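Throughout, protein chains are lettered first and strands after them, A, B, ... in sequence-line order, and every chain is numbered starting at 1. Nothing here was measured: the structure is a model prediction, and the numbers come from that model.
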There are 2 protein chains.
Amino acid sequence: MNRASTSEEEPRWLTEEEQRVWRSYVHAATLLEDHMDRQLQRDAGMPHVYYGLLVRLSESPQRRLRMTELAMHAKITRSRLSHAIARLEKNSWVRREDCPDDKRGQFAVLTEQGTEVLRRAAPGHVTAVRNAVFDRLTPEQQKALGEAMQIIAEGLQPNEAGADLPWLR
Amino acid sequence: MNRASTSEEEPRWLTEEEQRVWRSYVHAATLLEDHMDRQLQRDAGMPHVYYGLLVRLSESPQRRLRMTELAMHAKITRSRLSHAIARLEKNSWVRREDCPDDKRGQFAVLTEQGTEVLRRAAPGHVTAVRNAVFDRLTPEQQKALGEAMQIIAEGLQPNEAGADLPWLR
DNA sequence: AGAGGCTCATTGAAAATTAAACCAAACTGA
DNA sequence: TCAGTTTGGTTTAATTTTCAATGAGCCTCT
């Protein structure tokens with residue numbers, strides 16, 4: 001049943017057109033991620049992923065989230081999150097707190113200073129996103145992009161199909 | 001003139017809809033990159049970027065490219081490429097060669113073994129891309145995705161607009 | 001010829017990420 | 001109750017990436 005996935009059979013190669021699409025995608029995704037990383041590194045002293053963590057915390061009740069929950073939202077491993085939070089803790093942008101209900105548990109809590117950093121970095125970030133993406137695409141193109149990515153994401157969701165579960169490995 | 005870009009002025013925040021699009025994008029892009037990295041790491045013993053380097057070399061005349069050229073195509077810094085090639089050289093998948101015309105220059109050359117690794121890894125990779133992307137999108141959606149990403153990439157091209165030049169920094 | 005400024009590429013150290021091992025607490029079932 | 005398993009999270013080491021500095025060769029201009 002799973003023979004096809006590991007066999008030597010000739011796969012269905014990508015057509016010219018599919019290749020163009022895939023390469024455009026990889027190309028743009030690389031450039032975009034680089035761009036955001038650099039912008040945030042310059043303006044806020046952290047990479048895009050870290051910024052995402054702070055944003056997520058800022059939107060959570062009590063501006064706090066359990067480690068695993070945060071990792072799931074951010075789609076990163078718990079290990080990576082541990083390291084990241086350690087770094088953010090050094091910056092005093094995040095603080096850890098024990099979970100009363102579960103003695104194994106930890107909360108990551110956004111500090112005042114973290115909130116402040118976010119407040120100052122947000123405008124530049126939105127502007128960067130707008131310049132790079134929304135100012136260049138028609139509303140239809142934006143919609144189409146969103147839909148396509150949505151579908152792709154669904155296919156890679158760790159639930160269903162029991163594929164790889166980054167944060168559960 | 002450049003005041004707006006660094007001032008404290010209120011930016012045009014993203015609308016609800018724009019946010020949804022942007023988050024879908026980031027979400028899917030993260031998942032996808034993770035997925036490819038893991039697939040290639042498992043099946044070919046290298047991350048996606050390294051695989052891209054080998055592919056690019058395999059498509060080049062004489063299966064070789066100058067370091068800077070390769071870095072540009074791959075959109076990575078020369079430094080990063082140096083390290084990457086060093087690693088690939090240890091695997092004997094790539095070999096360095098001096099450039100006769102320019103004594104500063106180096107070619108990265110895909111070896112026989114590199115070619116072989118590529119040959120064995122390619123089917124799995126195409127299949128992974130197909131499963132994750134093309135099997136899930138209609139031809140129209142594929143086209144739209146390609147176009148949107150194409151436009152975004154153009155806006156981030158290092159040439160014109162003299163923005164940041166990753167490999168020239 | 002040779003001073004000065006690029007360009008090509010590498011290096012070494014620091015930061016970030018991944019992979020795997022690990023510990024402690026919580027749960028499960030006999 | 002207690003052995004075995006799962007869950008939550010950290011730790012260590014290895015790999016990869018970034019950052020800043022360096023050096024050698026090319027190019028231009030005088």
> Of the nucleotides dA19(C), dG9(D), dT16(D), which one has an atom closest to the side chain of Ser79(A)?
Replying inline: dA19(C)
[X] has an atom [atom1]; how far is it from atom [atom2] of [N], in whole Å?
X: Lys75(B); N: dT17(D); atom1: NZ; atom2: P; result: 15 Å
X: Met46(A); N: dA16(C); atom1: CE; atom2: C1'; result: 15 Å
X: Glu97(A); N: dG9(D); atom1: CD; atom2: P; result: 14 Å
X: Gln106(A); N: dT10(D); atom1: CD; atom2: C1'; result: 9 Å
X: Leu53(A); N: dT17(C); atom1: CG; atom2: P; result: 9 Å
X: Arg87(B); N: dT18(C); atom1: CZ; atom2: P; result: 15 Å
X: Lys90(A); N: dA16(C); atom1: NZ; atom2: P; result: 9 Å
X: His48(B); N: dT17(C); atom1: NE2; atom2: C1'; result: 17 Å

>> With nearest nucleotide decided by heavy atoms, which residue, Gln41(A) or Glu69(A), maps closer to the 5′ end of DNA chain D?
In response: Glu69(A)
Charged N to carboxylate O under 4.0 angstrom, [X] versus [Y]?
X: Glu147(B); Y: Arg136(A); answer: no
X: Glu140(A); Y: Lys143(A); answer: no
X: Arg63(A); Y: Glu112(A); answer: yes

Counting just side-chain N and O atoms, does [X] come under 4.0 Å of either OP1 or OP2 of [N]?
X: Arg78(B); N: dT7(C); answer: no
X: Arg66(B); N: dA9(C); answer: yes
X: Arg80(A); N: dT18(C); answer: yes

> How many angstroms lie between atom OH of Tyr25(A) and atom CE of Met149(A), to the nearest 0.5 angstrom?
Replying inline: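 Separation between the atoms: 3.5 Å.
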>> Can you say whether a donor on the side chain of His83(B) sits under 3.5 Å from an acceptor on the base of dT18(D), or the other way round?
In response: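 Answer is yes: a donor-acceptor pair is held.
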> Hey, does the side-chain of Thr77(A) have a donor or acceptor N/O within less than 3.5 Å of a partner on the base of dA19(C)?
Replying inline: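 There is none.
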> Any side-chain heavy-atom pair from Arg96(A) and Ile85(A) closer than 4.5 angstrom?
Replying inline: yes
> Nucleotide by nucleotide, 5' to 3', does protein get under 4.0 Å of the base (B), only the sugar-phosphate (S), or neither (-) in nucleotides 22-27 of chain C, counting heavy atoms?
Replying inline: --BBS-
>> What contact category does Tyr50(A) fall into here, base, sugar-phosphate, or nothing, at under 4.0 angstrom with non-hydrogen atoms?
In response: sugar-phosphate
>> Run the salt bridge (Lys or Arg N to Asp or Glu O under 4.0 Å) test on Glu18(A) and Arg20(A) for me, step by step, so that the C-alpha distance in whole Å, both residues' side-chain angles and the decisive distance to 0.1 Å come before the verdict.
In response: CA-CA 5 Å; Glu18(A) 286 168 335; Arg20(A) 256 198 300 287; over 6 Å; no
> Going by the angle between their ring planes, with limits at 30° and 60°, are Phe134(A) and Trp22(B) parallel, tilted or perpendicular?
Replying inline: perpendicular
